[in-house]
Amino acid sequence: MRCRRSIGLVGCGAIGASVARGLRENFADTFTLSLFSDADQAKAEALAKECGGRAAPLEELVEGSDLLLEATTASVMPGVLRAALKGGRPIVILSVGGFVLDPALQAEAEQAAVPIYLPSGAIAGLDGVLALRELGLDEVSLTTVKHPKSLTGIPYLEAQGIDLSTLSEPLTVFEGPAQEAIRNFPANVNVAITLSLAGIGFSRTLVRLVADPSATRTRHTVHARAGDCELTATSTSIPLPQNPRSSLLAVESAFAVFRRLASPLHTGT
(Lines give C-alpha, C1' and ligand atoms only; values in the text may rest on other atoms or scores of the structure.)
Protein backbone atom coordinates (compact mmCIF):
# COMPACT_ATOMS: atom_id res chain seq x y z
CA MET A 1 0.00 0.00 0.00
CA ARG A 2 1.43 3.40 -1.01
CA CYS A 3 1.82 6.08 1.62
CA ARG A 4 -0.52 9.01 1.30
CA ARG A 5 1.13 12.29 0.41
CA SER A 6 0.24 15.30 2.52
CA ILE A 7 -1.02 18.42 0.75
CA GLY A 8 -0.65 21.95 2.02
CA LEU A 9 -3.33 24.26 0.62
CA VAL A 10 -2.52 27.95 0.24
CA GLY A 11 -5.71 29.89 -0.47
CA CYS A 12 -8.97 28.80 1.13
CA GLY A 13 -11.48 30.79 -0.94
CA ALA A 14 -14.17 29.34 -3.20
CA ILE A 15 -11.79 27.62 -5.63
CA GLY A 16 -9.38 26.32 -3.00
CA ALA A 17 -12.24 25.01 -0.90
CA SER A 18 -13.84 23.30 -3.93
CA VAL A 19 -10.61 21.51 -4.79
CA ALA A 20 -10.00 20.59 -1.15
CA ARG A 21 -13.44 19.00 -0.81
CA GLY A 22 -13.02 17.11 -4.08
CA LEU A 23 -9.64 15.77 -2.99
CA ARG A 24 -11.05 14.66 0.33
CA GLU A 25 -13.99 12.90 -1.34
CA ASN A 26 -12.21 11.30 -4.29
CA PHE A 27 -8.50 10.97 -3.48
CA ALA A 28 -8.47 10.05 0.20
CA ASP A 29 -6.44 6.88 -0.47
CA THR A 30 -3.63 8.85 -2.10
CA PHE A 31 -3.57 12.36 -0.61
CA THR A 32 -4.35 13.87 2.74
CA LEU A 33 -5.05 17.57 3.27
CA SER A 34 -3.08 18.44 6.34
CA LEU A 35 -2.23 22.14 6.46
CA PHE A 36 -4.15 25.24 5.37
CA SER A 37 -3.09 28.84 4.91
CA ASP A 38 -4.96 31.97 3.84
CA ALA A 39 -4.68 35.73 4.26
CA ASP A 40 -8.03 35.42 6.02
CA GLN A 41 -7.15 33.31 9.06
CA ALA A 42 -10.82 32.53 9.72
CA LYS A 43 -11.20 30.92 6.28
CA ALA A 44 -8.11 28.78 6.81
CA GLU A 45 -9.29 27.64 10.23
CA ALA A 46 -12.82 26.87 9.03
CA LEU A 47 -11.68 24.79 6.05
CA ALA A 48 -9.01 23.05 8.12
CA LYS A 49 -11.64 22.04 10.66
CA GLU A 50 -13.93 20.77 7.91
CA CYS A 51 -11.16 18.71 6.29
CA GLY A 52 -9.54 17.43 9.47
CA GLY A 53 -6.34 19.47 9.21
CA ARG A 54 -5.06 22.64 10.83
CA ALA A 55 -4.25 26.20 9.85
CA ALA A 56 -0.59 27.17 9.65
CA PRO A 57 1.59 30.04 8.41
CA LEU A 58 3.11 29.60 4.96
CA GLU A 59 6.63 28.71 6.10
CA GLU A 60 5.34 25.96 8.41
CA LEU A 61 2.93 24.73 5.72
CA VAL A 62 5.77 24.33 3.19
CA GLU A 63 7.96 22.48 5.67
CA GLY A 64 5.16 20.14 6.77
CA SER A 65 3.75 19.18 3.36
CA ASP A 66 4.84 16.79 0.63
CA LEU A 67 3.04 18.78 -2.05
CA LEU A 68 1.57 22.28 -2.21
CA LEU A 69 -1.64 23.46 -3.86
CA GLU A 70 -1.81 27.19 -4.61
CA ALA A 71 -5.28 28.76 -4.98
CA THR A 72 -4.70 32.39 -4.00
CA THR A 73 -4.58 35.32 -6.45
CA ALA A 74 -2.22 36.40 -9.22
CA SER A 75 -0.58 38.97 -6.94
CA VAL A 76 0.02 36.49 -4.12
CA MET A 77 1.06 33.48 -6.22
CA PRO A 78 4.71 34.49 -6.88
CA GLY A 79 5.48 34.56 -3.18
CA VAL A 80 3.86 31.15 -2.67
CA LEU A 81 5.74 29.62 -5.60
CA ARG A 82 9.06 31.01 -4.40
CA ALA A 83 8.39 29.63 -0.91
CA ALA A 84 7.74 26.19 -2.43
CA LEU A 85 10.93 26.34 -4.48
CA LYS A 86 12.96 27.45 -1.48
CA GLY A 87 11.54 24.56 0.54
CA GLY A 88 12.05 22.05 -2.26
CA ARG A 89 8.36 21.17 -2.50
CA PRO A 90 6.47 20.41 -5.72
CA ILE A 91 3.47 22.64 -6.27
CA VAL A 92 0.23 22.78 -8.26
CA ILE A 93 -0.44 26.36 -9.39
CA LEU A 94 -3.96 27.64 -10.09
CA SER A 95 -3.32 31.43 -10.14
CA VAL A 96 -1.24 31.44 -13.33
CA GLY A 97 -1.70 35.20 -13.71
CA GLY A 98 1.25 35.65 -11.38
CA PHE A 99 3.58 34.83 -14.25
CA VAL A 100 2.52 38.03 -16.01
CA LEU A 101 2.65 40.25 -12.93
CA ASP A 102 6.15 39.01 -12.07
CA PRO A 103 8.19 38.67 -15.30
CA ALA A 104 11.18 37.07 -13.55
CA LEU A 105 9.07 34.21 -12.23
CA GLN A 106 8.93 32.18 -15.44
CA ALA A 107 12.73 31.90 -15.65
CA GLU A 108 12.90 30.88 -11.99
CA ALA A 109 10.23 28.23 -12.58
CA GLU A 110 12.01 26.84 -15.63
CA GLN A 111 15.20 26.44 -13.60
CA ALA A 112 13.47 24.91 -10.59
CA ALA A 113 14.70 21.67 -9.07
CA VAL A 114 11.18 20.53 -8.16
CA PRO A 115 8.10 19.97 -10.36
CA ILE A 116 5.61 22.82 -10.92
CA TYR A 117 2.24 21.72 -12.26
CA LEU A 118 -0.05 24.06 -14.22
CA PRO A 119 -3.51 22.56 -14.88
CA SER A 120 -4.94 23.28 -18.33
CA GLY A 121 -7.92 25.12 -16.84
CA ALA A 122 -10.89 25.81 -19.10
CA ILE A 123 -9.10 25.25 -22.43
CA ALA A 124 -8.47 22.11 -24.45
CA GLY A 125 -5.68 21.17 -26.84
CA LEU A 126 -2.56 21.86 -24.77
CA ASP A 127 -1.19 18.38 -25.54
CA GLY A 128 -1.36 19.19 -29.24
CA VAL A 129 0.20 22.63 -28.74
CA LEU A 130 3.11 21.05 -26.87
CA ALA A 131 3.60 18.51 -29.65
CA LEU A 132 3.49 21.21 -32.34
CA ARG A 133 6.04 23.22 -30.37
CA GLU A 134 8.51 20.42 -30.98
CA LEU A 135 8.04 21.03 -34.72
CA GLY A 136 8.41 24.78 -34.34
CA LEU A 137 5.22 26.74 -33.79
CA ASP A 138 4.41 29.42 -36.34
CA GLU A 139 1.27 30.78 -34.68
CA VAL A 140 -0.98 30.28 -31.68
CA SER A 141 -4.26 32.03 -31.02
CA LEU A 142 -7.08 31.98 -28.50
CA THR A 143 -10.58 33.20 -29.28
CA THR A 144 -12.80 33.59 -26.23
CA VAL A 145 -16.52 34.26 -26.59
CA LYS A 146 -18.44 35.55 -23.57
CA HIS A 147 -21.83 37.00 -22.83
CA PRO A 148 -21.63 40.80 -22.39
CA LYS A 149 -22.85 40.50 -18.78
CA SER A 150 -19.58 38.80 -17.83
CA LEU A 151 -17.62 41.79 -19.17
CA THR A 152 -19.35 44.58 -17.28
CA GLY A 153 -17.35 47.09 -15.28
CA ILE A 154 -14.03 46.49 -17.05
CA PRO A 155 -11.96 49.72 -17.14
CA TYR A 156 -10.44 48.91 -20.56
CA LEU A 157 -13.86 48.78 -22.21
CA GLU A 158 -14.94 52.00 -20.54
CA ALA A 159 -11.74 53.73 -21.67
CA GLN A 160 -12.38 52.56 -25.23
CA GLY A 161 -15.94 53.85 -25.10
CA ILE A 162 -17.36 50.36 -25.67
CA ASP A 163 -20.92 50.04 -24.37
CA LEU A 164 -22.13 46.44 -24.24
CA SER A 165 -25.49 47.17 -22.62
CA THR A 166 -27.36 47.41 -25.93
CA LEU A 167 -25.31 44.94 -27.93
CA SER A 168 -27.43 42.95 -30.40
CA GLU A 169 -24.75 40.99 -32.28
CA PRO A 170 -21.23 39.63 -31.61
CA LEU A 171 -18.54 42.29 -31.18
CA THR A 172 -14.78 41.76 -30.95
CA VAL A 173 -13.85 43.95 -27.99
CA PHE A 174 -10.15 43.10 -28.01
CA GLU A 175 -7.58 41.63 -30.38
CA GLY A 176 -3.90 41.65 -29.57
CA PRO A 177 -1.02 39.80 -27.86
CA ALA A 178 -1.72 37.76 -24.76
CA GLN A 179 0.35 40.04 -22.53
CA GLU A 180 -1.96 42.97 -23.32
CA ALA A 181 -5.11 40.85 -23.05
CA ILE A 182 -4.11 39.66 -19.61
CA ARG A 183 -3.38 43.16 -18.34
CA ASN A 184 -6.67 44.54 -19.66
CA PHE A 185 -8.88 41.56 -18.80
CA PRO A 186 -7.19 39.89 -15.79
CA ALA A 187 -10.32 38.03 -14.71
CA ASN A 188 -11.45 36.92 -18.16
CA VAL A 189 -8.53 35.47 -20.14
CA ASN A 190 -6.37 33.66 -17.58
CA VAL A 191 -6.35 30.68 -19.93
CA ALA A 192 -4.23 32.78 -22.31
CA ILE A 193 -1.42 32.61 -19.75
CA THR A 194 -1.32 28.82 -19.67
CA LEU A 195 -1.56 28.69 -23.47
CA SER A 196 1.30 31.20 -23.81
CA LEU A 197 3.51 29.20 -21.46
CA ALA A 198 2.80 26.01 -23.40
CA GLY A 199 3.34 27.63 -26.79
CA ILE A 200 5.21 30.68 -28.09
CA GLY A 201 5.05 33.15 -25.23
CA PHE A 202 2.96 36.12 -24.17
CA SER A 203 4.04 38.49 -26.95
CA ARG A 204 3.36 36.12 -29.87
CA THR A 205 0.13 34.48 -28.71
CA LEU A 206 -2.85 36.26 -30.29
CA VAL A 207 -5.98 36.72 -28.18
CA ARG A 208 -9.42 37.72 -29.42
CA LEU A 209 -12.19 38.47 -26.95
CA VAL A 210 -15.71 38.52 -28.35
CA ALA A 211 -18.84 39.74 -26.58
CA ASP A 212 -21.85 37.82 -27.90
CA PRO A 213 -25.35 38.48 -26.50
CA SER A 214 -26.50 35.08 -27.78
CA ALA A 215 -23.77 33.17 -25.91
CA THR A 216 -25.14 30.89 -23.21
CA ARG A 217 -21.71 29.72 -22.05
CA THR A 218 -18.14 30.93 -22.32
CA ARG A 219 -16.37 29.34 -25.28
CA HIS A 220 -12.61 29.08 -25.80
CA THR A 221 -11.11 28.10 -29.17
CA VAL A 222 -7.40 27.37 -29.42
CA HIS A 223 -5.71 27.35 -32.81
CA ALA A 224 -2.07 26.46 -33.39
CA ARG A 225 0.04 25.83 -36.51
CA ALA A 226 3.51 24.45 -37.11
CA GLY A 227 4.19 24.29 -40.84
CA ASP A 228 1.53 22.12 -42.44
CA CYS A 229 0.37 20.70 -39.10
CA GLU A 230 -2.56 22.45 -37.43
CA LEU A 231 -4.70 22.06 -34.35
CA THR A 232 -8.07 23.58 -33.46
CA ALA A 233 -9.75 22.78 -30.15
CA THR A 234 -12.91 24.31 -28.70
CA SER A 235 -14.18 23.96 -25.15
CA THR A 236 -17.20 25.26 -23.27
CA SER A 237 -17.90 25.04 -19.57
CA ILE A 238 -20.46 25.99 -17.00
CA PRO A 239 -19.51 28.40 -14.19
CA LEU A 240 -18.26 27.07 -10.89
CA PRO A 241 -21.35 27.22 -8.62
CA GLN A 242 -19.37 28.57 -5.67
CA ASN A 243 -17.72 31.27 -7.82
CA PRO A 244 -19.52 32.11 -11.10
CA ARG A 245 -16.49 34.06 -12.37
CA SER A 246 -14.53 30.80 -12.53
CA SER A 247 -15.05 27.78 -14.76
CA LEU A 248 -16.00 24.35 -13.49
CA LEU A 249 -13.44 22.91 -15.92
CA ALA A 250 -10.71 24.89 -14.19
CA VAL A 251 -11.38 23.01 -10.96
CA GLU A 252 -11.80 19.67 -12.72
CA SER A 253 -8.47 20.15 -14.50
CA ALA A 254 -6.83 20.45 -11.08
CA PHE A 255 -8.33 17.08 -10.14
CA ALA A 256 -6.93 15.68 -13.39
CA VAL A 257 -3.44 16.73 -12.27
CA PHE A 258 -3.85 14.95 -8.94
CA ARG A 259 -5.22 11.85 -10.65
CA ARG A 260 -2.13 11.84 -12.87
CA LEU A 261 0.10 12.16 -9.81
CA ALA A 262 -1.75 9.30 -8.12
CA SER A 263 -1.43 6.86 -11.01
CA PRO A 264 1.66 5.14 -12.44
CA LEU A 265 -0.03 5.13 -15.87
CA HIS A 266 0.22 8.55 -17.54
CA THR A 267 -1.78 9.21 -20.68
CA GLY A 268 -1.29 12.26 -22.84
CA THR A 269 1.75 14.48 -23.21
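Numbers here are sequence positions counted from 1. Every value quoted in this text rests on a predicted model; they were computed, and no experiment measured them.
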A.B. asks: Spell out, as yes or no, whether a donor-acceptor pair under 3.5 Å connects the side chain of S65 to the backbone of L61.
C.D. replies: yes
A.B. asks: Using the side chain to side chain contact (heavy atoms under 4.5 Å, CB included) rule, take L171 and I162 through it: C-alpha gap first, then chi angles, then the decisive distance, then the call.
C.D. replies: CA-CA 10 Å; L171 174 68; I162 299 175; 4.1 Å; yes
A.B. asks: Is there a donor-acceptor pair closer than 3.5 Å between any side-chain N or O of H266 and the backbone N or O of R260?
C.D. replies: yes
A.B. asks: Does atom CD (E169) have a neighbourhood of more than 12 heavy atoms from anything else shown, all under 6.0 Å?
C.D. replies: no
A.B. asks: Where the side chain of S253 meets the backbone of A250, is there a donor-acceptor pair that is under 3.5 Å apart?
C.D. replies: yes
A.B. asks: Does L132 reach the side chain of L135, with side-chain heavy atoms less than 4.5 Å apart?
C.D. replies: yes
A.B. asks: Looking at CG of L33 and CD of E50, how far apart are the two atoms once the value is rounded to the nearest 0.5 Å?
C.D. replies: 10.5 Å
A.B. asks: Shared ILVMFWY cluster between V100 and F174, side chains joined below 4.5 angstrom?
C.D. replies: yes
A.B. asks: Can you find a pair of side-chain heavy atoms, one from L47 and one from L9, that are under 4.5 Å apart?
C.D. replies: yes
A.B. asks: Regarding E175 and R208, does a basic nitrogen lie under 4.0 Å from an acidic carboxylate oxygen?
C.D. replies: yes
A.B. asks: Looking at S37 and P57, what are the two nearest heavy atoms and their distance?
C.D. replies: OG-C, 4.4 Å
A.B. asks: Run V96 and M77 through side chain to side chain contact (heavy atoms under 4.5 Å, CB included) and show every step you take.
C.D. replies: CA-CA 8 Å; V96 292; M77 183 276 274; 5.5 Å; no
A.B. asks: Step by step, work out the side chain to side chain donor-acceptor pair (under 3.5 Å) result for S75 and T73.
C.D. replies: CA-CA 5 Å; S75 61; T73 63; 3.2 Å; yes
A.B. asks: If two hydrophobic side chains count as joined below 4.5 Å and joins carry through other members, does L81 share a cluster with F202?
C.D. replies: yes
A.B. asks: Taking all non-hydrogen atoms of both residues into account, name the closest pair between A224 and L137 and its distance.
C.D. replies: CB-CD2, 4.1 Å
A.B. asks: Using the rule that two of Ile, Leu, Val, Met, Phe, Trp, Tyr join whenever any of their side-chain heavy atoms come within less than 4.5 Å, decide whether V257 and V10 are in one cluster.
C.D. replies: no
A.B. asks: Quick check for you: to the nearest 0.5 Å, what is the distance between F31 atom CZ and N26 atom CG?
C.D. replies: 12.0 Å
A.B. asks: Has S237 got a side-chain atom pairing as donor or acceptor with L249's backbone, closer than 3.5 angstrom?
C.D. replies: yes
A.B. asks: Of the non-hydrogen atoms in A44 and F36, which two are nearest, and what is the gap between them?
C.D. replies: O-CB, 3.9 Å
A.B. asks: Tell me whether E70 contacts the main-chain N or O of T72 through its side chain, where contact means a donor paired with an acceptor under 3.5 Å.
C.D. replies: yes
A.B. asks: The test is side chain to side chain contact (heavy atoms under 4.5 Å, CB included); show your working for F185 and L209 and say whether it passes.
C.D. replies: CA-CA 9 Å; F185 301 91; L209 181 58; 3.5 Å; yes
A.B. asks: Mind checking whether L85 and L94 sit in one hydrophobic cluster, side chains of I, L, V, M, F, W, Y counted as touching below 4.5 Å?
C.D. replies: no
A.B. asks: Taking all atoms of both residues into account, what is the closest heavy-atom pair of F255 and S18, and its distance?
C.D. replies: CZ-O, 3.8 Å
A.B. asks: Is it the case that more than 12 heavy atoms not belonging to E63 sit under 6.0 Å from its CD atom?
C.D. replies: no
A.B. asks: Can you tell me if CZ on R219 sees more than 12 non-hydrogen neighbours from other groups inside 6.0 Å?
C.D. replies: no
A.B. asks: State, to 0.1 Å, how close I91 and A84 come at their nearest heavy-atom pair, and which atoms those are.
C.D. replies: CD1-CB, 4.0 Å
A.B. asks: CZ of R24 to OG1 of T32: how many Å apart, nearest 0.5 Å?
C.D. replies: 11.0 Å
A.B. asks: Indicate if I193 and L101 have the same hydrophobic cluster label, given that clusters are the connected sets of ILVMFWY residues with side-chain heavy-atom separations under 4.5 angstrom.
C.D. replies: no
A.B. asks: For Y156, is there any backbone N or O sitting under 3.5 Å from a side-chain donor or acceptor partner on N184?
C.D. replies: no
A.B. asks: Side chains of residues 121-128: which donor-acceptor partners sit under 3.5 Å, not counting sequence neighbours?
C.D. replies:
| unit_1 | atom_1 | unit_2 | atom_2 | d |
| --- | --- | --- | --- | --- |
| D127 | OD2 | T269 | N | 3.0 |

A.B. asks: Keeping the roles fixed (side chain from R4, backbone from A28), state whether a donor-acceptor pair exists under 3.5 Å.
C.D. replies: yes
A.B. asks: Does any N or O in the side chain of R89 come within less than 3.5 Å of the main-chain N or O of V62, such that one atom is a donor and the other an acceptor?
C.D. replies: yes
A.B. asks: Applying side chain to side chain contact (heavy atoms under 4.5 Å, CB included), run through V173 and L164 and close with a yes or a no.
C.D. replies: CA-CA 9 Å; V173 298; L164 301 179; 4.0 Å; yes
A.B. asks: Are R259 and F27 side-chain neighbours, meaning at least one heavy-atom pair lies under 4.5 Å?
C.D. replies: yes
A.B. asks: If only atom types and distance count, is the side chain of D102 paired as donor or acceptor with the main-chain N or O of G98 below 3.5 Å?
C.D. replies: no
A.B. asks: Taking N188 for its side chain and S150 for its backbone only, find out whether a donor-acceptor pair lies under 3.5 Å.
C.D. replies: yes
A.B. asks: Let me confirm one number: the NE2-CG distance from H223 to L195, rounded to the nearest 0.5 Å.
C.D. replies: 11.5 Å
A.B. asks: State the CD1-CG distance between I238 and L248, to the nearest 0.5 angstrom.
C.D. replies: 5.0 Å
A.B. asks: Side-chain contact test, heavy atoms from C-beta onward, threshold under 4.5 Å: evaluate it for L67 versus L261 and give yes or no.
C.D. replies: yes
A.B. asks: To the nearest 0.5 Å, tell me how far E108 CD sits from F99 CZ.
C.D. replies: 10.0 Å
A.B. asks: Looking only at heavy atoms, what is the nearest atom pair of P90 and Y117, with distance?
C.D. replies: CB-CE1, 4.3 Å
A.B. asks: Which residues pass the salt bridge (charged side-chain N to carboxylate O under 4.0 Å, His left out) test with E60, sequence neighbours left out?
C.D. replies: R54
